[in-house]
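Just so it is clear: chains get the letters A, B, ... in the order the sequence lines come, proteins before strands, and each one is counted from 1.
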Number of protein chains: 2
Amino acid sequence: MNKPFPVPQGSAAQRIEAELRRAIVALDLPPGTRLSEQEIAGRHGMSRQPVREAMIALARARLVEILPQRGTVVVKISARKMMEARFIREAIETAVVRRACSSFDRQSRQRIDDLLGMQEDAARRDDHTGFQRYDEMFHVTLAEGAGCPLAWDTVQDIKAHMDRVCQLSLPGANAMLPLIAQHKAIVAAIDAQDEAKAEEAMRFHLTEILRALPRIEAEHPELFE
Amino acid sequence: MNKPFPVPQGSAAQRIEAELRRAIVALDLPPGTRLSEQEIAGRHGMSRQPVREAMIALARARLVEILPQRGTVVVKISARKMMEARFIREAIETAVVRRACSSFDRQSRQRIDDLLGMQEDAARRDDHTGFQRYDEMFHVTLAEGAGCPLAWDTVQDIKAHMDRVCQLSLPGANAMLPLIAQHKAIVAAIDAQDEAKAEEAMRFHLTEILRALPRIEAEHPELFE
DNA sequence: TGGTCGACACTTGTATGGTAGTGTAGATTA
DNA sequence: TAATCTACACTACCATACAAGTGTCGACCA
């Protein structure tokens, strides 16, 4: 069984990248924060080089912006890019569930049920972190089961524009249980091999965040550009 | 007007990344080629550091694989991943043209016509490189005009899995003119605001490469994994 | 002759010093 | 006083040196 929270491994550069990514998405490093290679290196007891490589990777993921010879800052949340990203994700994931209706890996199907159960537990414990983790695993397993693991790799890249907004939307009272119900609706449609219904269920699920966006932006204008 | 072939600019790391990317896609560096940071650095008259950063970026794009403490190799073409990438690209670009039917930027629409003309010229000159360049610009402009520039950024990332196959398919007798006709069919459907027809035209266009794949793989088995 | 062990050449990963460009704050001058 | 100029502190960027891991080839031994 996979560890829900694998210990950081690999090179120092990869570890620091994962750590910074987590901190940015969790809003521990709010948009606009200036990042100094020197300072981060010192704080983590390593040299500037691995930190620099991590920065470059994060810049590719559009989580930070490197201004040559000036500095590196955490990018502000862009409502526009967030909506574009959501649109793209919707395009990919609706196509995936359509394919899943034709053929879906049996082992993945079993794992889906396990994940839904664990996600429900996390929701009952009001464990936001665990909930998001299992939510992600749900979508990963969907892509794998449909025979298109590359789809999730792609979604993950653009998700960077969305997950900070998701982070902000979760604490909103009882936001988690409806999401689980939506997951179940998607699975039910796949089981019934009903492509149109599966696509519509996924579309509705991914539109959820769009409904929360105006409120989020109004509550935290300083995080947006 | 944009230069069709902008001079390499930016940091040394970005220049060397662009150069390596080009060489890999053009198959100047065939799959399986071992790349040495040291050797490349020496050949380009720079230190290992910028080369290393370029390698990391290319590894993220899945064009090379870095084996820690062992070496870096150009990844082989995977027919499976190529088909997955094509599937994802189809999902994104069909969604884009659907959106383009509802509203399409006027300036982009004009640019589309210009590009089609230039692409036709390139085809007549049998200029493969220019043809591919304008082909890419066509799809970029489509995404921009539909108000979703991020879509092309995403496609570009997964296109890495396809580009080399496209490269091999072009020299095939008169492969370019049909592609232009398909582009025109897409534009015509958008002008008519016919979503279903536009989607179908794009789908057909992106299926073209799939039809060529078996022949390509049979002719160059050593490039595939 | 066949198998094992070890030095070596090679790789990537990390540390550190120096360079060039940029923003800023203070000094200087009209 | 206000505008301009200059020195400085800070940054990303690059070069170089060192560390750590891996595959290979050859010497050595049973």
Side-chain angles (χ1 to χ4, degrees), chain A residues 6-24 28-76 160 225, chain B residues 6-24 28-76 160 225:
Chain A
V7 287
Q9 52 187 356
S11 68
Q14 291 170 322
R15 287 200 309 273
I16 198 68
E17 179 193 344
E19 163 61 16
L20 286 175
R21 185 178 222 102
R22 188 207 59 75
I24 292 175
D28 292 342
L29 294 172
T33 306
R34 296 199 59 197
L35 302 176
S36 161
E37 293 182 0
Q38 187 94 40
E39 189 260 345
I40 294 174
R43 191 145 44 82
H44 288 77
M46 62 180 62
S47 88
R48 301 192 322 265
Q49 207 55 47
V51 177
R52 173 173 170 69
E53 290 173 5
M55 293 291 202
I56 293 174
L58 291 173
R60 270 192 91 80
R62 311 292 177 96
L63 284 173
V64 305
E65 185 174 6
I66 299 176
L67 303 101
Q69 323 295 357
R70 293 206 296 163
T72 302
V73 298
V74 179
V75 299
K76 296 234 167 185
E225 67 174 11
Chain B
V7 287
Q9 53 187 356
S11 67
Q14 291 171 323
R15 287 200 309 275
I16 198 67
E17 179 193 342
E19 163 61 16
L20 285 175
R21 186 176 221 103
R22 188 208 59 74
I24 291 174
D28 292 341
L29 294 172
T33 306
R34 296 197 61 206
L35 301 176
S36 161
E37 295 180 359
Q38 189 91 42
E39 189 262 347
I40 294 174
R43 192 146 43 83
H44 288 77
M46 61 179 64
S47 88
R48 269 183 52 213
Q49 211 53 52
V51 177
R52 175 172 170 71
E53 290 171 8
M55 293 292 201
I56 292 175
L58 292 173
R60 269 192 90 80
R62 312 291 179 99
L63 284 173
V64 305
E65 185 174 6
I66 300 176
L67 303 101
Q69 322 295 0
R70 295 207 297 164
T72 302
V73 298
V74 179
V75 299
K76 295 234 168 184
E225 64 173 13

Rounding to a whole Å, what distance do you find between A/Ile16:CD1 and C/dT14:P? 11 Å
B/Arg22: what forms a side-chain contact (heavy atoms from CB on, under 4.5 Å) with it, not counting sequence neighbours? B/Glu19, B/Ala26, B/Asp28
Could you tell me which residues satisfy side-chain contact (heavy atoms from CB on, under 4.5 Å) with A/Ser36, sequence neighbours excluded, listed by chain and number? A/Gln38, A/Glu39
When B/Leu20, B/Leu58, B/Leu29 are each screened for side chain to side chain contact (heavy atoms under 4.5 Å, CB included) with B/Leu63, the one that passes is B/Leu58
From B/Ile40 atom CD1 to B/Arg48 atom CZ, the distance as rounded to the nearest 0.5 Å: 11.5 Å
Please report the distance, rounded to the nearest Å, between CZ in B/Arg34 and P in C/dA9. 17 Å
Rounded to the nearest 0.5 Å, what's the gap from CZ on B/Arg52 to CD1 on B/Ile16? Could you check? 15.0 Å
Going 5' to 3' through nucleotides 12-23 of chain D and flagging B where a protein heavy-atom sits under 4.0 Å of the base, S where only the sugar-phosphate is that close, and - otherwise, we get BBBBB---BBSS
Length of the line joining B/Glu39:CD and C/dT12:C1', which is rounded to integer Å: 15 Å
